[in-house]
Every structure is written in C-alpha cells, then in structure tokens.
> 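Please see the structure below; I have some questions.
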Amino acid sequence: METTAHFPVRDYDLAATLTSGQAFRWRPVGGAWVAVVHGRWVQLEQVAPDYIRATVNAPTADWSWLQSYLRLDANHQRMLATFPVDEPLRAAIAHCRGLRLLRQEPWECLASFILSSTKQIVQIQQCVELLCERFGDPIGQAGRAVPCPPQTASRPQQHNSVAYDAIHPALHYTFPAAARIAAATEGELRACKMGFRARYLMAAARMVAGGELNLARLGQIPLHAARAELMRCPGVGRKIADCVLLFSCGQDAAFPIDVWVERALQRLYFPKRRARRARLEHFAATHFGPHAGLAQQYLFHYLRTGGPDHPKNHAR
DNA sequence: ATCCAGGGTAATT
DNA sequence: AATTACCATGGA
C-alpha cells in the first residue's frame with residue numbers, strides 16, 4: 001500500500017482539465033493540484049506529458065476511485081475522431097489537445113452547479129469552498145486528525161492556496177453530504193454567499209437525502225429522461241442538468257449551453273442571422289455526435305482561454 | 001459607477 | 001411564442 005501512484009497517460013492536459021470550469025475545488029500548489037475527491041485529500045501533478053503522479057494522505061491499495069474520477073480508461077483519440085470536421089473544432093483541439101472530461105461525484109456536481117447560476121467561476125469556487133468549510137468534515141493532508149479548525153476558518157486568507165498550504169498544510173474539508181445540507185437552515189446557507197440559490201440548494205439536498213432523487217441512476221437511463229429527472233429540482237434547468245450529466249454521470253452526449261457556448265455557436269455556426277436557443281440545442285444534438293459534450297468543453301475552453309473572442313486577442 | 005457573471009423563473013408583451 | 005425583470009453577490 002502506497003501513498004503515491006503513477007498513471008501513464010496520453011493526450012491528458014491535467015491543468016487545462018482541472019481549470020476548465022467543470023470542477024471547482026482544485027487549487028494550484030507549486031506545480032501540482034490539490035483537492036478533496038471521494039472524501040480523500042489528493043494531490044495531482046503532471047510530472048511528464050505522459051505521466052500523472054497522485055499523492056494521498058493515507059496508504060492506499062485501491063486507486064479505482066481516482067482512475068474513475070480522471071476517466072483514465074477513456075480513449076481520447078477515438079472520442080476526438082468522432083467529431084465532425086469543422087474549423088471551430090479544429091482550432092479548439094489545436095489550442096489544447098489534452099482537454100478531458102472528469103467523472104465527479106454527482107451530488108457535489110449538482111450542488112456546485114446549482115450555485116453556479118449567474119456567477120463567475122472564481123465566485124463559484126469561493127462559494128463552494130465556504131460551503132465545505134462550514135458543513136464538510138476537516139481532513140488532514142498528513143493523514144492525522146485535524147482536531148479543530150482555526151477560529152477564522154471561514155475565511156482562510158482568500159484561499160490563496162500556495163501561501164495558505166504553506167502555513168496550514170493540513171486544513172482541507174470534504175464536500176458535505178446532501179443530508180448535512182438538508183439539516184442546515186437556509187440562513188446558514190445564505191451566509192455562504194450563495195444568495196437566492198440557497199433555497200434551490202436546500203430543496204435539492206432534501207430530494208437527494210430523502211431518496212426522492214436517485215443520482216446514481218442518471219448514468220444508466222436515456223439522456224432525455226435523466227435530464228427531466230434532474231430538472232425536477234427547482235433552480236435546475238436544462239443547462240445545469242446537462243452540466244451534471246456530462247461532468248458526473250458519463251452522459252457524453254449532454255451539451256450544456258451557457259453564455260459562452262451560445263456566443264460560440266451563434267458566431268461560428270450561424271453567423272448570418274440570429275438562431276434561437278431551441279435551434280442551437282437541436283444543432284448541437286445533431287451535429288457533434290455521441291461525444292458532443294466533449295466538443296462543447298473544447299469550444300468553451302478555447303473561447304475562454306485563447307479563442308478569437310478572448311480579450312488578449314484584441315478581437316470583438 | 002455600471003455592467004456582467006458556465007441561469008432559472010415568473011411576469012409581461 | 002418570444003422578451004423582460006428579478007433574484008444576491010462580487011469582480012472587472
């Protein structure tokens with residue numbers, strides 16, 4: 001049993017994947033990335049283009065939880081080969097070939113994206129972290145128990161992770177279970193800066209904790225059925241439902257359309273006249289193939305970090 | 001200061 | 001069947 005494991009990879013850009021707006025708890029620490037996954041503290045580092053090193057805080061024989069999370073069994077080349085050959089996708093893939101999808105824990109993913117509406121990614125990160133600090137369980141990097149978080153744990157230095165981990169290397173929190181959120185009050189949730197989303201999160205937590213909404217089933221039923229199931233939650237529309245299905249349920253045809261992707265589809269595929277949302281949804285469902293969700297992630301990442309619309313490229 | 005952010009909902013046109 | 005206001009909050 002080891003606390004370190006090495007995973008051979010090909011076309012896996014760890015940094016791009018962990019910062020592409022699908023997961024919100026990864027923080028840079030030196031050249032590595034730290035988060036809590038499946039209740040365990042874990043540090044990941046791309047030690048070479050074809051190797052990812054994982055370090056955990058307790059001797060571990062079974063790494064399947066991490067292999068699943070990183071989707072290490074996915075055949076990335078084959079997935080890219082299913083894409084239609086068009087210029088926007090070609091440019092997006094050329095910009096970052098190793099962008100991957102993760103398979104996160106469904107409840108964490110659902111809760112996080114309920115908090116995402118009309119928020120910037122940095123804001124979502126802060127909100128999620130605050131939620132974990134208030135309602136999650138403290139765990140230690142070194143595997144030792146963390147008896148009591150410091151009194152000011154609610155705002156540990158703005159989450160500047162590098163400095164923070166150097167000073168308090170052991171302080172991390174699990175993502176709170178649905179039952180824990182359901183047992184809180186809406187006021188306590190609002191104190192985590194989630195505003196009007198507190199009511200939505202509470203409702204979803206009760207549905208999940210009460211067994212009324214079975215997240216584990218969402219990956220095994222047709223996409224449209226899974227989507228409808230998630231949209232029973234107040235505050236969860238098609239976009240958030242598709243995010244949860246794509247980022248945590250392995251529904252690879254799910255295609256969340258946010259403001260960035262909508263602009264991309266509009267400008268790149270319907271430059272002449274304005275296409276309605278329903279038109280874009282139909283186009284996405286028919287044009288990009290069985291791995292449409294990955295294509296969506298490529299367009300999103302490209303537009304946000306280097307595409308023609310990016311500020312650094314002085315474009316409009 | 002004003003605008004906008006990985007939206008959703010209910011109220012108006 | 002389409003727009004519009006509103007929801008809290010913080011960063012740009």
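In the text below, chain A, chain B and the rest are named by the order of the sequence lines, each starting its count at 1.
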> Between dC6(C) atom C1' and F196(A) atom CZ, what is the distance in whole Å?
9 Å
> Compare every heavy atom of G21(A) with every heavy atom of F247(A), then report the nearest pair and how far apart it is.
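Minimum heavy-atom contact is CE1-O, 4.5 Å.
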> Which whole-number value in Å describes the distance from I240(A) CD1 to dT9(B) C1'?
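Rounded to the whole Å, the gap is 12 Å.
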> For Q123(A) and for R274(A), find the nucleotide of DNA chain C with the closest heavy atom, then tell me which residue's nucleotide is more 5'.
R274(A)
> What is the nucleic acid contact for G237(A), judged by heavy atoms within less than 4.0 Å: base, sugar-phosphate only, or nothing?
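Sugar-phosphate, no base atom in range.
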> Using a heavy-atom cut-off of 4.0 Å across all strands, would you classify F247(A) as base, sugar-phosphate, or nothing?
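Counting heavy atoms under 4.0 Å across all strands, the contact made by F247(A) includes a base.
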> Would you indicate what E262(A) reaches in the nucleic acid, counting non-hydrogen atoms under 4.0 angstrom: base, sugar-phosphate, or nothing?
nothing
> Take atom P in dG6(B) and the same atom in dC6(C), then report the distance between them in whole Å.
23 Å
> Checking contacts here: which listed nucleotide (dG10(C), dG7(B), dG6(B)) is nearest the side-chain heavy atoms of F300(A)?
dG6(B)
> Counting only side-chain nitrogens and oxygens, does K239(A) get under 4.0 Å of the OP1 or OP2 atom of dG8(B)?
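No, no such contact exists.
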> Check the distance between dG10(C)'s C1' and E129(A)'s CD and give it to me in whole angstrom.
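Computing the E129(A):CD to dG10(C):C1' distance gives 17 Å.
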> Tell me which of Y200(A) and V261(A) sits closer to the 5' end of DNA chain B, going by the nucleotide each one is nearest to.
V261(A)
> Check DNA chain B against residues 97-122 of chain A and give the residues with a non-hydrogen atom under 4.0 Å, in numerical order.
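Close to the strand are S116(A), S117(A), T118(A), K119(A), Q120(A), I121(A).
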> Can you measure R199(A) atom CZ to dA8(C) atom P for me and round it to whole angstrom units?
9 Å
> To the nearest Å, how far apart are Q126(A) CD and dG11(C) C1'?
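To the nearest whole Å, that distance equals 9 Å.
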> R263(A) side chain N/O closer than 4.0 Å to the phosphate oxygens (OP1, OP2) of dA5(B)?
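Answer is yes, contact under 4.0 Å.
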> Taking it one step at a time, do V128(A) and R25(A) satisfy side-chain contact (heavy atoms from CB on, under 4.5 Å)?
CA-CA 8 Å; V128(A) 168; R25(A) 298 204 66 196; 3.9 Å; yes
> When you measure from the side-chain N and O atoms of R190(A) to the phosphate of dA8(C), is any distance below 4.0 Å, counting only OP1 and OP2?
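Indeed, a polar side-chain atom of R190(A) lies that close.
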> Please check if atom CZ in R279(A) has more than 12 non-hydrogen atoms from other residues, nucleotides or ligands closer than 6.0 Å.
no
> When the ring planes of H95(A) and H301(A) are compared, do they come out parallel, tilted or perpendicular, using 30° and 60° as the limits?
tilted
> In chain order, what residues pass the salt bridge (Lys or Arg N to Asp or Glu O under 4.0 Å) check against R238(A), with sequence neighbours excluded?
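Once residues adjacent in sequence are excluded, the partners of R238(A) under the salt bridge (Lys or Arg N to Asp or Glu O under 4.0 Å) criterion are E281(A).
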> Is the side chain of Q297(A) donor-acceptor paired with the backbone N or O of S20(A) at a distance under 3.5 Å, no angle test?
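Yes, because the side chain of Q297(A) sits within donor-acceptor range (under 3.5 Å) of the backbone of S20(A).
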> Which class fits the ring pair F196(A) and Y200(A): parallel under 30°, tilted 30 to 60°, perpendicular over 60°?
perpendicular
> Check every atom of dT9(B), dG6(B), dA8(C) against the side chain of Q296(A) and return the nucleotide holding the closest atom.
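Nearest to the side-chain atoms of Q296(A), counting from C-beta on, is dG6(B).
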> Is the F175(A) ring parallel, tilted or perpendicular to the W107(A) ring (thresholds 30°, 60°)?
perpendicular
> Side chain of R276(A), heavy atoms from C-beta onward: which of dA2(C), dA8(C), dG7(B) has the nearest atom to it?
dA2(C)
> Can you tell me how far C1' in dG10(C) sits from the matching atom in dT9(B), rounded to whole Å?
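Comparing C1' positions in dG10(C) and dT9(B) gives a spacing of 23 Å.
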> What is the distance, to the nearest angstrom, from the CG atom on L280(A) to the P atom on dA2(C)?
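Value for this atom pair: 13 Å.
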> Expressed in angstrom and rounded to an integer, what is the separation of R304(A) atom CZ from dA5(B) atom P?
12 Å
> Can you tell me how far P in dT4(C) sits from the matching atom in dC4(B), rounded to whole Å?
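The same atom, P, in both gives a distance of 14 Å.
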> May I have the distance from R232(A) (atom CZ) to dT9(B) (atom C1'), rounded to whole angstrom?
18 Å
